[in-house]
**Q** 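This is the structure I want to talk about, given as structure tokens.
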Amino acid sequence: MPRDYYEVLGVPRDAGEAEIKKAFRGLARELHPDVNGHDPEAEAKFKEAAEAYEVLSDAERRRTYDSYGHEGLRSGGFDPRASNFGSIDDIFQAFFGGAQGFGFGGGPRGPMAGADIALAVEIELADVATGVRRELRYDAVGACEHCHGNGAEPGTPISTCERCGGAGQLRSVSQTPFGQMVRAVTCDVCHGDGKVAETPCEVCGGNGRTPGERVREVEIPAGIEAGQRLRVQGAGHAGEPGAPAGDLYVEVDVTPDERFQRDGTDLISVVSIPATEAMLGTAVTVPTLDGEQEIEVAAGTQPGHEEVLRGAGLPQLGGRKRGNQRVVFEVIVPTNLSEEQRETVERLDGSLSAENLEPQHGEGLFSRVRRAFG
Ligand SMILES: [Zn+2]
Ligand SMILES: [Zn+2]
């Protein structure tokens with residue numbers, strides 16, 4: 001539960017507008033992050049004070065807060081935590097004027113981290129079942145091999161930056177209506193590193209990094225879905241000396257396989273058989289991710305019948321146990337009959353009794369339709 005806003009600003013509940021403003025100014029000067037060397041505790045207190053001020057300085061929001069407390073502000077579609085932090089800069093600007101580049105937690109810029117890289121890789125459905133290793137080749141900025149990333153020509157000295165004395169940052173003092181504000185900015189000579197190569201590396205020009213081809217093997221886990229991204233930490237572009245490398249993101253595409261439809265961890269495939277073979281029974285060969293498999297087809301197999309091949313599906317992401325393959329039977333009714341075929345079928349038709357036409361597998365098409373729409 002956040003602290004009471006009046007308590008935060010140290011003002012009585014009937015404090016006037018001017019008193020609230022004065023109290024916040026005092027706190028802001030005292031707690032401002034740049035004055036406190038970005039001490040996290042002071043920063044948190046500053047945010048708390050800014051939030052309290054934002055609410056209490058707005059007559060309508062103050063009334064809501066007085067009547068319903070913090071909950072009232074939230075339920076009114078206004079979440080102080082979500083909306084206010086973005087505007088602390090605005091408050092600060094209103095109070096102290098033109099505070100450029102003021103931000104929490106950021107402070108002066110140190111050496112920059114390397115940028116991320118995104119790549120796409122396409123795998124087969126069979127790879128999804130087992131997981132697969134892929135060798136990726138891509139261009140990335142890496143540490144310069146000539147200077148090993150320190151930016152100095154080998155054998156030449158690296159000295160402390162004279163401009164900032166090795167601190168990597170400079171203090172900028174500005175006058176505000178409330179006195180001097182001291183802010184730290186990144187040193188423009190060493191770019192935050194604190195050190196300068198006297199003779200810059202001939203290969204990289206002193207920034208310690210060179211572009212080149214990177215080869216990296218990635219493990220694509222079993223069960224991955226098309227469009228999922230893998231993150232390989234630190235495999236992106238190298239950062240400035242002293243800063244971490246970026247990450248590599250690999251988006252995995254799965255080549256559609258016409259033979260199978262993916263349904264979670266199950267695969268669905270369709271096999272077509274002539275109506276006569278459905279009546280008589282037969283054997284069919286169906287494709288699976290592990291090769292072809294023969295299935296016995298019982299006499300009297302109905303259209304839409306499903307045969308389940310246990311363990312022939314896909315695992316869950318990172319898992320081992322595979323789902324099933326469901327083979328759905330499509331029954332083809334012969335067409336373009338010859339005179340002789342027609343006579344044969346007419347003889348069969350004339351001989352059929354109610355016993356031959358019992359719906360099989362406990363459920364006829366009508367009850368399936370009813371179930372689907374009921
Ligand atoms: Zn170099
Ligand atoms: Zn410097």
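For the single chain, residues carry numbers from 1 onward in sequence order. Counting starts at 1 for both ligands and their atoms, following the listed order. No hydrogens, no waters, no symmetry mates; every other heavy atom, side chains included, goes into these values.
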**Q** Between Glu145 and Thr210, do the side chains contain a donor N or O and an acceptor N or O under 3.5 Å apart?
**A**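 The criterion, which ignores hydrogens and geometry beyond distance, is not satisfied for Glu145 and Thr210.
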**Q** Does a donor on one side chain and an acceptor on the other come within less than 3.5 Å for Glu198 and Thr156?
**A**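 Side-chain D/A pair, Glu198 to Thr156: absent.
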**Q** For Tyr6 and Asp66, which I'm curious about, is there any donor-acceptor pair between the side chains at under 3.5 Å?
**A**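 The criterion, which ignores hydrogens and geometry beyond distance, is satisfied for Asp66 and Tyr6.
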**Q** For a distance under 2.8 Å, give residue and atom name for each protein N, O or S atom next to the Zn ion (ligand 1).
**A**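 For the Zn ion (ligand 1), the protein N, O and S atoms that sit under 2.8 Å away are Cys144 SG, Cys147 SG, Cys201 SG, Cys204 SG.
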**Q** About how large, to 10 degrees, is the angle SG of Cys161, then the Zn ion (ligand 2), then SG of Cys164?
**A**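 It rounds to 110°.
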**Q** Just so I know, are the side chains of Leu248 and Arg214 near enough to count as touching, which here means a heavy-atom distance under 4.5 Å?
**A**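 When only atoms from C-beta onward are counted, Arg214 and Leu248 do not touch, as no gap falls below 4.5 Å.
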**Q** Check Val250, Val132, Leu230, Val218 against Val121 for a side chain to side chain contact (heavy atoms under 4.5 Å, CB included) and give me the one that passes.
**A**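 That would be Val250; it is the only one of Val250, Val132, Leu230, Val218 passing the side chain to side chain contact (heavy atoms under 4.5 Å, CB included) with Val121.
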**Q** With a 3.5 Å cut-off and no angle check, do the side chains of Thr255 and Glu122 form a donor-acceptor pair?
**A**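 Checked: Thr255/Glu122 side chains pair up, N/O donor to acceptor below 3.5 Å.
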